[in-house]
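Single-structure report; data block below.
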2 protein chains.
Amino acid sequence: MQRVLEAVVDPVRRSIVTQLCGASGDIACGGFDLPVSKSTATHHFRILREAGLIRQYYAGTSRMNALRRDEVDEVFPGLLDAIVTAERPTGDPERATAG
Amino acid sequence: MQRVLEAVVDPVRRSIVTQLCGASGDIACGGFDLPVSKSTATHHFRILREAGLIRQYYAGTSRMNALRRDEVDEVFPGLLDAIVTAERPTGDPERATAG
DNA sequence: ACGAAAGTACGATGGCGGTCAAACTTTGAT
DNA sequence: ATCAAAGTTTGACCGCCATCGTACTTTCGT
């Protein structure tokens, strides 16, 4: 729980989660659009993995990242959905309820 | 969004939210069981208030705290519920879905 | 008016986490 | 074998946040 919240509180890591949600499949570490260096990205992937939010596996020289959506939804229903919704670059979250 | 996550990532603040959820009504600042000093508690109440998680109002010399449950649920459905469930001191969160 | 109780404001401090660069490992292609 | 690409590891650094104590304000009771 504490781990999960500490994971998603960082904007870079939330961006990773959001990009995984919006993609059709898994994404390699280098396939993300992140404003940090490679070593910092590695750090973030580690945090996400240890928090149980993503799963990682090798595909040649690339390390693929898969969102563990179903498992997270089971423990924290609504959390991922709320994050992804609020992170949408285009759209007005404040007007979402006002229509 | 960022504010809300930064608010609930702190264990002391999550404890405040949990105690508010478990109580029948509002609670004064001094009515909480917190492992920090009075000034630190004030700091936490401020963070929670600015994040929109609680509402504060005066009652004599006491400042009452009210959880804005409905409003938070509307923007982040499932978030408060997931937090309170996972924070229960007695009980097995992992068995919550299987039990 | 006086004192006590409840919070707040402020300044200082310590530790943790995000960040980077450089060196290293592993895999794949020529 | 050799080189390139993709990540990892390590060490160092810096800023921010939680924390505290003290002083202050406000409200209530006598």
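Predicted model only: the values in this text are computed from it and were never measured. We name chains A, B, ... by the order of the sequence lines, and we start the count at 1 in each one.
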With distance as the sole test, does [X] use its side chain to make a donor-acceptor pair with the main-chain N or O of [Y] at under 3.5 Å?
{"X": "B:T40", "Y": "B:V36", "value": "no"}
{"X": "B:S15", "Y": "B:P11", "value": "no"}
{"X": "A:D26", "Y": "A:M64", "value": "no"}
{"X": "A:Q19", "Y": "A:D33", "value": "yes"}
{"X": "A:S62", "Y": "A:Y58", "value": "no"}
{"X": "A:Q56", "Y": "A:A66", "value": "no"}

Going by heavy atoms in the side chains, are B:R46 and B:T42 under 4.5 Å from each other?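 Contact flag for B:R46/B:T42 side chains = no.
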Quick check: do A:I83 and B:F76 have side-chain heavy atoms less than 4.5 Å from each other?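 No, every pair of side-chain atoms sits at 4.5 Å or beyond.
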Heavy atoms under 4.0 Å is the rule here; annotate nucleotides 14-19 of chain D 5' to 3' with B where the base is hit, S where only the sugar-phosphate is, and - elsewhere. ----SB
Tell me, please, which residues at least two apart from B:R63 pass salt bridge (Lys or Arg N to Asp or Glu O under 4.0 Å).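 Applying salt bridge (Lys or Arg N to Asp or Glu O under 4.0 Å) to B:R63 gives none.
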Of all residues at least two apart in sequence or in a different chain, which pass the salt bridge (Lys or Arg N to Asp or Glu O under 4.0 Å) check with B:R69?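 By the salt bridge (Lys or Arg N to Asp or Glu O under 4.0 Å) rule, B:R69 matches B:D73, B:D81.
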Can you check the [X] [atom1] to [N] [atom2] distance for me, whole Å?
{"X": "A:R63", "N": "C:dT25", "atom1": "CZ", "atom2": "C1'", "answer": "13 Å"}
{"X": "B:D26", "N": "C:dG7", "atom1": "CG", "atom2": "P", "answer": "13 Å"}
{"X": "A:K38", "N": "C:dA22", "atom1": "NZ", "atom2": "P", "answer": "13 Å"}
{"X": "B:R49", "N": "C:dT8", "atom1": "CZ", "atom2": "P", "answer": "8 Å"}
{"X": "A:F45", "N": "D:dT9", "atom1": "CZ", "atom2": "C1'", "answer": "16 Å"}
{"X": "B:M64", "N": "C:dA6", "atom1": "CE", "atom2": "P", "answer": "13 Å"}
{"X": "B:F32", "N": "C:dA6", "atom1": "CZ", "atom2": "C1'", "answer": "14 Å"}
{"X": "A:I54", "N": "D:dG7", "atom1": "CD1", "atom2": "P", "answer": "12 Å"}

Under 4.0 Å, heavy atoms only, any strand: does B:A28 hit a base, just the sugar-phosphate, or nothing?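 Counting heavy atoms under 4.0 Å across all strands, the contact made by B:A28 is with sugar-phosphate only.
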Look at the side-chain N and O atoms of B:R46 and state whether any lies under 4.0 Å from the OP1 or OP2 oxygen of C:dT8.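 B:R46 to C:dT8 OP1/OP2: no side-chain N or O under 4.0 Å.
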Closest approach of A:V72 and A:G52, non-hydrogen atoms and distance? CG2-O, 3.8 Å
Report the C-alpha separation of B:V17 and B:R13 in whole Å, then their side-chain angles, then the decisive distance to 0.1 Å, and conclude whether the side-chain contact (heavy atoms from CB on, under 4.5 Å) test is met. CA-CA 6 Å; B:V17 170; B:R13 290 194 287 264; 5.7 Å; no
Helical bend (five base pairs per end, nearest 10°) for the helix from C:dA1-D:dT30 to C:dT30-D:dA1: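 So the angle between the two local helix axes works out to 30°.
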Should A:R68 and A:L53 be marked as a side-chain contact (heavy atoms from CB on, under 4.5 Å) after you check the CA-CA gap, both sets of side-chain angles, and the distance that decides it? CA-CA 5 Å; A:R68 301 177 63 180; A:L53 291 178; over 6 Å; no
Check every atom of C:dG7, C:dT8, D:dG7 against the side chain of A:S62 and return the nucleotide holding the closest atom. D:dG7
Stepwise, does the side-chain contact (heavy atoms from CB on, under 4.5 Å) test hold for B:H44 with B:I16? CA-CA 9 Å; B:H44 286 310; B:I16 292 175; 4.1 Å; yes
If you restrict it to nitrogen or oxygen atoms, what contacts under 3.5 Å exist between nucleotides 2-4 of chain C and the protein, and what is each distance?
none

Tabulate protein N/O versus nucleotide N/O from nucleotides 27-30 of chain D, keeping only pairs under 3.5 Å, one per line.
none

